[in-house]
Q: 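Pasting a structure below so you can have a look.
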Amino acid sequence: SRETLEKQVANHPEVTTDDYQGVEFIIDTGGVWEQSTTHKWAIGEYNDRLWRAVIKRTRDLQEAILVSFHRVRKKDVRAAEKRYRRIR
């Protein structure tokens with residue numbers, strides 16, 4: 001949604017249009033953690049950097065929406081491993 005995009009740009013201005021090309025790659029190849037029944041985190045490397053994509057599934061499970069995309073550190077991966085269930 002426009003609101004999500006505006007929030008993303010405001011909170012993570014360092015993420016470029018070129019960086020967004022890596023979202024699908026990270027989702028397809030990275031580790032995935034279940035934050036809740038509707039929210040999943042995909043964490044992986046793209047262009048020698050570590051990224052997290054937060055995906056929300058719609059209630060009818062017909063769509064997945066990118067909620068957030070930003071760089072993370074290795075300690076963020078360790079925190080995800082302690083806090084959430086890894087599903088892939």
Side-chain angles (χ1 to χ4, degrees):
S1 73
R2 178 178 285 289
E3 182 179 308
T4 300
L5 178 60
E6 289 172 357
K7 179 183 167 189
Q8 177 69 22
V9 170
N11 291 332
H12 302 289
E14 74 283 1
V15 180
T16 67
T17 304
D18 290 339
D19 294 328
Y20 281 100
Q21 293 179 12
V23 170
E24 188 174 354
F25 178 79
I26 290 163
I27 292 169
D28 289 345
T29 64
V32 178
W33 288 264
E34 184 174 56
Q35 181 181 9
S36 68
T37 56
T38 58
H39 287 74
K40 310 292 185 268
W41 289 11
I43 300 176
E45 288 190 39
Y46 179 73
N47 284 345
D48 298 321
R49 293 188 173 153
L50 198 56
W51 297 89
R52 175 173 56 203
V54 180
I55 310 300
K56 177 182 177 182
R57 297 287 310 257
T58 56
R59 288 190 181 156
D60 63 7
L61 303 177
Q62 298 301 310
E63 294 182 79
I65 300 163
L66 180 66
V67 176
S68 182
F69 181 64
H70 54 276
R71 284 185 237 162
V72 293
R73 296 172 288 193
K74 288 184 181 183
K75 73 176 193 172
D76 297 312
V77 177
R78 290 190 298 273
E81 289 173 339
K82 290 179 182 177
R83 191 169 183 187
Y84 305 116
R85 183 174 68 95
R86 187 168 184 164
I87 58 177
R88 185 186 81 211

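From a predicted model like this one, the values you see are computed outputs, not experimental measurements.
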Q: Give a yes or no on whether the backbone of Leu50 and the side-chain of Arg73 come within a donor-acceptor separation of less than 3.5 Å.
A: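 Not confirmed, Arg73 side chain does not pair with Leu50 backbone.
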Q: Quick one: CZ on Arg57 to CD on Gln62, what's the gap to the nearest 0.5 Å?
A: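 One finds 8.0 Å between CZ of Arg57 and CD of Gln62.
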Q: Restricting to non-hydrogen atoms, name the atom on Asp19 and the atom on Phe69 that form the minimum distance, rounded to 0.1 Å.
A: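 Nearest heavy atoms, Asp19 then Phe69: O-CE2, 3.5 Å.
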Q: At their closest point, which heavy atom of Ser68 faces which heavy atom of Leu66, and how far apart are they?
A: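 Heavy atoms of Ser68 and Leu66 come nearest at O-CD1, 3.5 Å.
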Q: Looking at CD1 of Ile26 and CD1 of Ile43, how far apart are the two atoms once the value is rounded to the nearest 0.5 Å?
A: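 The CD1 atom of Ile26 sits 10.0 Å away from the CD1 atom of Ile43.
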Q: Has Glu24 got more than 12 heavy atoms of other residues, nucleotides or ligands less than 6.0 Å from its CD?
A: no
Q: Between Asp18 and Thr16, is there a side-chain donor-acceptor contact under 3.5 Å, judged purely by atom types and distance?
A: no
Q: For the backbone of Gly22 and the side chain of Trp51, can you confirm whether one donor and one acceptor N or O come within less than 3.5 Å of each other?
A: no
Q: So does Asp48 have more than 12 non-hydrogen atoms from other groups sitting under 6.0 Å from CG?
A: no
Q: Once the angle between the rings of His70 and His12 is folded into 0 to 90°, is it parallel (under 30°), tilted (30 to 60°) or perpendicular (over 60°)?
A: parallel
Q: For Arg49, is the CZ atom crowded, meaning more than 12 foreign heavy atoms sit under 6.0 Å from it?
A: no
Q: Let me check something: do Trp41 and Val15 share a hydrophobic cluster, defined by ILVMFWY side-chain heavy atoms less than 4.5 Å apart, either directly or through other members?
A: no
Q: Among Arg85, Arg88, Glu81, exactly one meets side-chain contact (heavy atoms from CB on, under 4.5 Å) together with Trp33. Which residue is that?
A: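 Considering Arg85, Arg88, Glu81, a side-chain contact (heavy atoms from CB on, under 4.5 Å) with Trp33 is found only for Glu81.
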Q: Find the distance between CD1 (Ile87) and CD (Gln35) and round it off to the nearest 0.5 Å.
A: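 Atom-to-atom, Ile87:CD1 and Gln35:CD are 11.5 Å apart.
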Q: Would you call Val54 and Lys56 a side-chain contact if the rule is heavy atoms closer than 4.5 Å?
A: no
Q: Any chain of hydrophobic side-chain contacts (each under 4.5 Å) joining Tyr20 to Val67?
A: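 No; tracing contacts between hydrophobic side chains, which count when under 4.5 Å, never links both residues.
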Q: Short question: side chain of Thr58, backbone of Glu63 - any donor-acceptor pair under 3.5 Å?
A: yes
Q: Are Phe25 and Val32 connected in the hydrophobic side-chain network, where two residues link if heavy atoms are under 4.5 Å apart?
A: no
Q: Give a yes or no on whether Ile27 and Tyr46 share a hydrophobic cluster (residues Ile, Leu, Val, Met, Phe, Trp, Tyr; joining criterion: side-chain heavy atoms under 4.5 Å apart).
A: yes
